[in-house]
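Written out below as structure tokens is the structure these notes cover.
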Amino acid sequence: MITFIAEFGVAAAINSVFLCVAVKVLRRAAVPANLLTPRSAVALGLWTLWEAELARRAIQVPQLVSFCVLTGAIGVSVVTDFTAGYILDAITIPSLLVASVMTSFAGNEIDVLTGAFFGSLPILLMYAASRGGGIGLGDAKLGACAGALLGPRQVLVSMGLAFIYGACIAVVLLITQRA
């Protein structure tokens with residue numbers, strides 16, 4: 001129980017820092033978004049609980065820090081994307097750097113780098129094909145964070161499942177004439 005509390009504390013601290021950075025960046029850019037709402041707090045609180053539960057699998061401190069940084073970046077990026085329509089470089093790029101450094105201590109740098117590559121490549125290809133319409137480079141950077149977290153095999157499987165899930169939702173929306 002004590003380790004769960006410690007893991008929750010690490011995840012909560014990282015998520016709080018990311019949220020504060022996101023608020024500052026959006027305010028500087030004069031983006032009209034309020035991230036400090038009860039809905040955002042509940043969403044990030046639940047995300048932090050999930051992070052802490054999954055962090056139990058981390059064996060070493062570098063893995064724990066890398067895991068919490070990447071999942072925190074993904075969680076806060078989801079909130080900023082839904083509320084403001086932006087995935088911030090101030091969140092994704094430092095997260096990738098921290099994850100790369102921390103995993104080099106654990107000897108997993110190849111998985112992190114190839115995962116980041118395979119996580120961002122399909123999104124970059126969609127960005128190029130759509131000429132930036134509907135998908136942006138922030139999505140590719142977030143895909144790199146997911147790939148760094150999951151590794152090359154798991155990120156490709158999860159992206160494939162995400163595309164299948166998205167297609168099912170699109171079919172339902174088309175059938176119900178909501179799209």
Side-chain angles (χ1 to χ4, degrees), residues 1-106 108-109 112-113 115-116 119-120 123-124 127 132 134-151 155 158-159 162:
M1 183 67 176
I2 292 174
T3 58
F4 178 78
I5 293 169
E7 291 158 350
F8 180 80
V10 169
I14 291 170
N15 290 348
S16 298
V17 168
F18 281 154
L19 188 61
C20 290
V21 167
V23 167
K24 282 191 173 215
V25 168
L26 290 175
R27 281 186 185 156
R28 274 195 202 141
V31 174
N34 186 7
L35 298 179
L36 303 176
T37 64
R39 184 181 298 168
S40 295
V42 168
L44 282 177
L46 292 173
W47 185 265
T48 304
L49 281 172
W50 177 77
E51 280 180 291
E53 180 58 34
L54 289 180
R56 291 179 167 204
R57 298 179 185 172
I59 298 167
Q60 301 170 343
V61 172
Q63 289 173 322
L64 174 66
V65 171
S66 177
F67 176 83
C68 288
V69 165
L70 289 170
T71 54
I74 292 167
V76 171
S77 293
V78 167
V79 170
T80 60
D81 196 18
F82 276 125
T83 57
Y86 292 101
I87 296 173
L88 305 173
D89 291 347
I91 302 294
T92 55
I93 293 173
S95 300
L96 284 170
L97 293 174
V98 167
S100 299
V101 169
M102 295 308 287
T103 55
S104 67
F105 291 117
N108 298 342
E109 56 274 338
V112 168
L113 294 175
S120 63
I123 299 171
L124 285 172
Y127 173 78
I135 195 161
L137 290 176
D139 296 300
K141 294 169 195 162
L142 187 59
C145 286
L149 176 66
L150 297 172
V155 76
S158 66
M159 291 185 94

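It should be emphasised that the depicted structure is a prediction, and the values quoted were computed from it without experimental measurement. Quick note: numbers below take in every heavy atom, side chains included, and nothing from hydrogens, waters or symmetry partners.
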Is the shortest side-chain heavy-atom distance between [X] and [Y] below 4.5 Å?
X: D139; Y: D81; result: yes
X: L124; Y: L137; result: yes
X: I87; Y: K141; result: no
X: L96; Y: C145; result: yes

If you look at every heavy atom in [X] and [Y], which pair is closest and at what distance?
X: F18; Y: S95; result: CZ-OG, 3.2 Å
X: S100; Y: L113; result: OG-CD2, 4.3 Å
X: T48; Y: A12; result: CG2-N, 3.5 Å
X: A140; Y: S120; result: O-CB, 3.2 Å

Next item on the list: Keeping the roles fixed (side chain from T80, backbone from Y86), state whether a donor-acceptor pair exists under 3.5 Å.
Entry: yes
Notebook entry, point to check: Is it true that a side-chain atom of S77 and a backbone atom of I74 form a donor plus acceptor pair closer than 3.5 Å?
Noted result: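 Pair absent, no side-chain N/O of S77 close to backbone of I74.
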Next item on the list: For a side-chain contact (heavy atoms from CB on, under 4.5 Å) with L149, tell me which candidate from V155, V69, T71 qualifies.
Entry: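 Passing option: T71.
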Margin query: Applying side chain to side chain contact (heavy atoms under 4.5 Å, CB included) to L142 and I123, what does each step give before you reach the verdict?
Written below: CA-CA 10 Å; L142 187 59; I123 299 171; over 6 Å; no
